[in-house]
A.B. asks: 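Below: one structure in structure tokens.
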Amino acid sequence: MRRKIDSVLLDNLQEELSNTSGKKWQTYQCILVTPMYGGGVKAGEVDKEMPIRTSSIRGQLRFWWRIACGPKDPEELLKQETAIWGGIGDDGATASQVEIKVQTKPVVENDLVKSNQYNGGIKYVFGSASINGTVGWLKDGYEFTLFVHCDDAVKNDVEEALRWWSSFGGIGGRTRRGFGAVSIENLELINHKHAAFKRADSESPRLIFSSKTYNNASEAWKYASERLFEFRQKPGSGRNNSSGKAGRSFWPEPDTLRRLTGKDANGDHVPKHEAGNIFARAAFGLPITLKLVGKGEPVKTDLKPINNERMASPLILRPYGHDTEWKAVALLLPKWQEALTEELELTPKPKKQKAPLQNWPVDRVTRQKAARAIRPMKDGDNLRADDPENGPDPLSAFLDYFKEGNL
């Protein structure tokens with residue numbers, strides 16, 4: 001059962017805020033519609049006394065403001081962002097024009113759920129942190145109240161950031177895979193009609209909804225997670241399942257690693273993937289740990305960007321909607337194509353690696369050849385090129401796969 005925040009307490013708090021500061025505060029009733037991972041001072045842990053932190057919300061709103069309102073010019077972007085949200089600029093420290101307060105209730109044991117109660121796609125998108133199955137998440141249904149005060153000059157920008165956050169963002173960790181998704185009561189959501197999705201340039205975001213409508217957010221989130229699991233990893237779609245158990249991957253990374261290391265399970269797994277020496281799934285975010293099971297296979301290897309520990313995924317998956325009408329949504333963030341050209345490195349470095357590694361080929365002809373060699377990309381209509389000049393790519397192919405699952 002959801003733990004509602006007492007309305008009298010809220011009225012008293014709002015009156016206290018107004019009387020103390022003389023400012024008018026806008027009130028937003030918020031609810032978690034998927035479980036929240038982490039969010040506390042300690043990474044991966046829920047803070048039972050302060051589960052929702054104002055600093056986290058401020059960071060989310062800054063991020064979505066850049067997506068929704070930020071100018072393209074980097075210098076102008078920094079200038080406007082600093083003026084609205086505060087920070088260090090050319091003229092020194094600048095105070096934020098946006099004040100945020102949060103009203104929550106302390107978390108009790110019934111507000112938590114163990115990660116091992118989830119499986120399938122949701123377990124997959126949670127990733128390696130679920131390995132011991134004992135991580136505690138804050139349950140969906142947890143409610144909190146957000147108070148926002150800002151100058152009239154930036155009110156529209158702040159409201160737009162709130163709309164994007166409520167539509168596609170979240171709180172805590174792994175929000176790009178749908179954890180900690182937040183719904184704000186009576187706030188209009190962002191859709192295809194928004195100007196950001198009508199631009200024809202290469203920096204535009206891309207948005208796909210499921211055609212099926214669900215009566216709760218959990219089912220929509222499950223659909224989105226399952227589609228990614230199927231596309232990347234699930235036996236029968238992402239990897240071979242001919243013998244009734246998980247077999248060799250339909251993706252090129254394992255064979256690329258075998259070629260670079262010279263290890264092939266003592267001849268039992270001779271590299272044969274025709275896509276070439278690429279790491280196509282790196283476009284979905286890094287690092288990736290490559291662990292091939294079997295005697296004579298390469299040792300466990302980490303794939304990451306050169307001179308960096310991680311690359312955030314440009315793909316967001318989460319439920320979208322209000323009340324009893326929900327859809328699954330897949331969103332590619334602006335400049336998502338940059339994830340296709342990131343230079344990569346392996347740790348430990350293979351003896352046959354002579355140059356920076358590719359996640360996706362540069363020229364269109366080689367891209368077409370690679371896409372045809374990767375079964376999850378070539379199934380159905382996934383070779384349709386939304387970008388005729390650059391050809392197909394793993395992220396666009398996933399959007400096609402996501403959409404085709406609606407049939």
A.B. asks: Regarding Arg58 and Ser96, is there a side-chain donor-to-acceptor distance under 3.5 Å anywhere?
C.D. replies: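 On atom types as modelled, these side chains qualify, holding a pair under 3.5 Å.
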A.B. asks: Side chain of Asn359, backbone of Ala339: donor and acceptor closer than 3.5 Å?
C.D. replies: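 A pair under 3.5 Å: yes.
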A.B. asks: Sub-3.5 Å donor-acceptor pair from the side chain of Arg318 to the main-chain atoms of Gly169, do we have one?
C.D. replies: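 Yes, Arg318 side chain to Gly169 backbone: donor-acceptor pair under 3.5 Å.
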A.B. asks: For Gly178, does its backbone N or O pair with a side-chain atom of Thr34 as donor and acceptor, under 3.5 Å?
C.D. replies: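 Pair found, side chain donor or acceptor close to backbone of Gly178.
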A.B. asks: How far apart are the closest heavy atoms of Leu333 and Phe63, and which atoms are they?
C.D. replies: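 What the structure gives for the nearest pair is CD1-CZ, 3.9 Å.
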A.B. asks: With a 6.0 Å cut-off on ring centres, are Phe231 and Trp251 close enough?
C.D. replies: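 They qualify: ring centres under 6.0 Å apart.
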A.B. asks: Rounded to the nearest 0.5 Å, what separation is found between the CG atom of Leu395 and the CH2 atom of Trp360?
C.D. replies: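 Here the interatomic distance stands at 10.0 Å.
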A.B. asks: Do the rings of Trp137 and Phe179 sit parallel, tilted or perpendicular, given the 30° and 60° boundaries?
C.D. replies: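 If you compare the ring of Trp137 with that of Phe179, the planes turn out perpendicular.
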A.B. asks: What pair of heavy atoms forms the shortest contact from His322 to Ile184, and how long is it?
C.D. replies: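 Minimum heavy-atom contact is CE1-O, 3.1 Å.
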A.B. asks: Measuring from Tyr37:OH to Ile171:CD1, what's the distance to the nearest 0.5 Å?
C.D. replies: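 Those atoms lie 14.5 Å apart.
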A.B. asks: Is Trp65 close to Leu77 at the side-chain level, that is, under 4.5 Å between some pair of heavy atoms?
C.D. replies: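 The answer is yes, as the side chains (C-beta and beyond) meet within the 4.5 Å cut-off.
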A.B. asks: Which distance, rounded to the nearest 0.5 Å, do you find between the CG of Asp111 and the NZ of Lys139?
C.D. replies: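 Asp111 CG to Lys139 NZ: 7.5 Å, rounded to 0.5 Å.
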A.B. asks: Give the minimum heavy-atom separation between Gly121 and Phe229, together with the two atoms involved.
C.D. replies: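 Distance-wise, the nearest heavy atoms are CA-CB, 3.9 Å.
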A.B. asks: Got a second to check how far Glu253's CD is from Leu357's CG, nearest 0.5 Å?
C.D. replies: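 If we round to the nearest 0.5 Å, Glu253:CD and Leu357:CG are 11.5 Å apart.
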A.B. asks: Tell me if a side-chain donor or acceptor on Tyr320 pairs with a main-chain N or O of Ile190 at a distance below 3.5 Å.
C.D. replies: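 Yes: the side chain of Tyr320 pairs with the backbone of Ile190.
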A.B. asks: Can you confirm whether Leu32 sits close enough to Val182 that some side-chain heavy atom of one is under 4.5 Å from a side-chain heavy atom of the other?
C.D. replies: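 SC-SC contact between Leu32 and Val182 confirmed.
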A.B. asks: Between Phe126 and Trp221, is the gap from one ring center to the other below 6.0 Å?
C.D. replies: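 Centroid distance Phe126-Trp221: not below 6.0 Å, so no.
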A.B. asks: Hey, do the aromatic rings of Tyr223 and Phe402 have their centres closer than 6.0 Å?
C.D. replies: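 So the answer is yes for these two rings.
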A.B. asks: Run the side-chain contact (heavy atoms from CB on, under 4.5 Å) check on Ser166 and Leu189 step by step: do they pass?
C.D. replies: CA-CA 7 Å; Ser166 183; Leu189 298 177; 3.8 Å; yes
A.B. asks: Say you draw a straight line from SG of Cys69 to CG of Asp157; how long is it, rounded to the nearest 0.5 Å?
C.D. replies: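 Atom-to-atom, Cys69:SG and Asp157:CG are 4.0 Å apart.
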A.B. asks: Assign the ring pair Phe398 / Tyr401 to parallel, tilted or perpendicular, where the plane angle (0 to 90°) is split at 30° and 60°.
C.D. replies: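 Ring orientation, 0 to 90° scale: parallel.
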A.B. asks: I'd like to know if the side chain of Ser396 and the backbone of Pro392 have a donor-acceptor N/O pair within less than 3.5 Å.
C.D. replies: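 Not a single qualifying donor-acceptor pair exists.
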A.B. asks: Would you say that His273 contacts Ile374 through its side chain, given a criterion of any heavy-atom pair below 4.5 Å between the two side chains?
C.D. replies: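 Yes, their side chains come closer than 4.5 Å.
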A.B. asks: Measuring only between side-chain heavy atoms, which start at C-beta, is Phe147 closer than 4.5 Å to Gln103?
C.D. replies: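 Heavy-atom side-chain distance check passes, below 4.5 Å.
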A.B. asks: Less than 4.5 Å apart, any side-chain heavy atom of Met36 and any of Tyr142?
C.D. replies: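 The answer is no; the side chains never approach within 4.5 Å.
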A.B. asks: Would Arg310 and Leu286 count as a side-chain contact (heavy atoms from CB on, under 4.5 Å) if you check the C-alpha gap in whole Å, the side-chain angles of each, and the deciding distance to 0.1 Å?
C.D. replies: CA-CA 5 Å; Arg310 65 188 301 270; Leu286 294 165; 5.7 Å; no
A.B. asks: Has the side chain of His149 got a donor or acceptor atom that lies under 3.5 Å from a matching backbone atom of Lys24?
C.D. replies: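 Here the side-chain-to-backbone pair exists.
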A.B. asks: So does Glu76 have more than 12 non-hydrogen atoms from other groups sitting under 6.0 Å from CD?
C.D. replies: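 It does: Glu76 CD has more than 12 such atoms within range.
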A.B. asks: Determine the minimum heavy-atom distance between Val46 and Gly136, stating which atoms define it.
C.D. replies: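 Looks like CG2-O, 3.8 Å.
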A.B. asks: Are the side chain of Arg375 and the backbone N or O of Phe250 linked by a donor-acceptor pair below 3.5 Å?
C.D. replies: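 Not at all, since once roles are kept as given, no pair shorter than 3.5 Å links the two residues.
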A.B. asks: Do the non-hydrogen side-chain atoms of Asp140 and Pro35 ever get within less than 4.5 Å of each other?
C.D. replies: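 The answer is yes; the side chains approach within 4.5 Å.
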A.B. asks: Determine yes or no for a side-chain-to-main-chain donor-acceptor pair under 3.5 angstrom, with Thr301 supplying the side chain and Thr347 the backbone.
C.D. replies: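 Not confirmed, Thr301 side chain does not pair with Thr347 backbone.
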A.B. asks: Do Thr341 and Val362 have side chains that get closer than 4.5 Å, going by heavy atoms?
C.D. replies: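 A side-chain contact is absent here, since even the closest heavy-atom pair is not under 4.5 Å.
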A.B. asks: Sub-3.5 Å donor-acceptor pair from the side chain of Arg239 to the main-chain atoms of Gly247, do we have one?
C.D. replies: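 Yes.
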A.B. asks: For Gln353, look at atom CD and say whether over 12 heavy atoms of other residues, nucleotides or ligands are found less than 6.0 Å away.
C.D. replies: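 More than 12 within 6.0 Å, yes.
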A.B. asks: Once you round to the nearest 0.5 Å, how far does NZ of Lys352 lie from CZ of Arg259?
C.D. replies: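 Going from the NZ atom of Lys352 to the CZ atom of Arg259 covers 10.5 Å.
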A.B. asks: Report the C-alpha distance between Arg53 and Val41 in whole Å, list the side-chain angles of each, state the deciding distance to 0.1 Å, and finish with yes or no for side-chain contact (heavy atoms from CB on, under 4.5 Å).
C.D. replies: CA-CA 9 Å; Arg53 311 180 79 83; Val41 175; 3.5 Å; yes
A.B. asks: With a cut-off of 6.0 Å (strictly less than), are more than 12 heavy atoms of other residues, nucleotides or ligands near NZ of Lys327?
C.D. replies: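 Count over threshold, so yes.
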A.B. asks: Do Asp255 and Arg258 meet the salt-bridge criterion of a basic N to acidic O distance under 4.0 Å?
C.D. replies: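 Result for this pair is yes, salt bridge flagged.
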A.B. asks: Where do Glu297 and Leu292 come nearest, in terms of heavy atoms and distance?
C.D. replies: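 Distance-wise, the nearest heavy atoms are CB-O, 3.7 Å.
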A.B. asks: Check the pair Glu159 / Glu188 against side-chain contact (heavy atoms from CB on, under 4.5 Å), numbers first and verdict last.
C.D. replies: CA-CA 10 Å; Glu159 289 182 348; Glu188 183 183 0; over 6 Å; no
A.B. asks: Is the ring pair Phe168/Trp64 parallel, tilted or perpendicular, if the boundaries are 30 and 60 degrees?
C.D. replies: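 Tilted: the ring planes of Phe168 and Trp64 meet at 30° to 60°.
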A.B. asks: Given side chains that start at C-beta, do those of Gln233 and Arg281 come closer than 4.5 Å, heavy atoms only?
C.D. replies: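 Touching, per the 4.5 Å side-chain cut-off.
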A.B. asks: Measure from the side-chain N and O atoms of Asp151 to the backbone N and O of Val154, and report whether any donor-acceptor pair falls under 3.5 Å.
C.D. replies: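 Checked: no pair found.
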A.B. asks: What pair of heavy atoms forms the shortest contact from Pro51 to Lys105, and how long is it?
C.D. replies: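 Distance-wise, the nearest heavy atoms are CG-O, 4.2 Å.
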A.B. asks: Within a 6.0 Å radius of atom CG on Asp152, are there more than 12 heavy atoms belonging to other residues, nucleotides or ligands?
C.D. replies: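 Incorrect, the count does not exceed 12.
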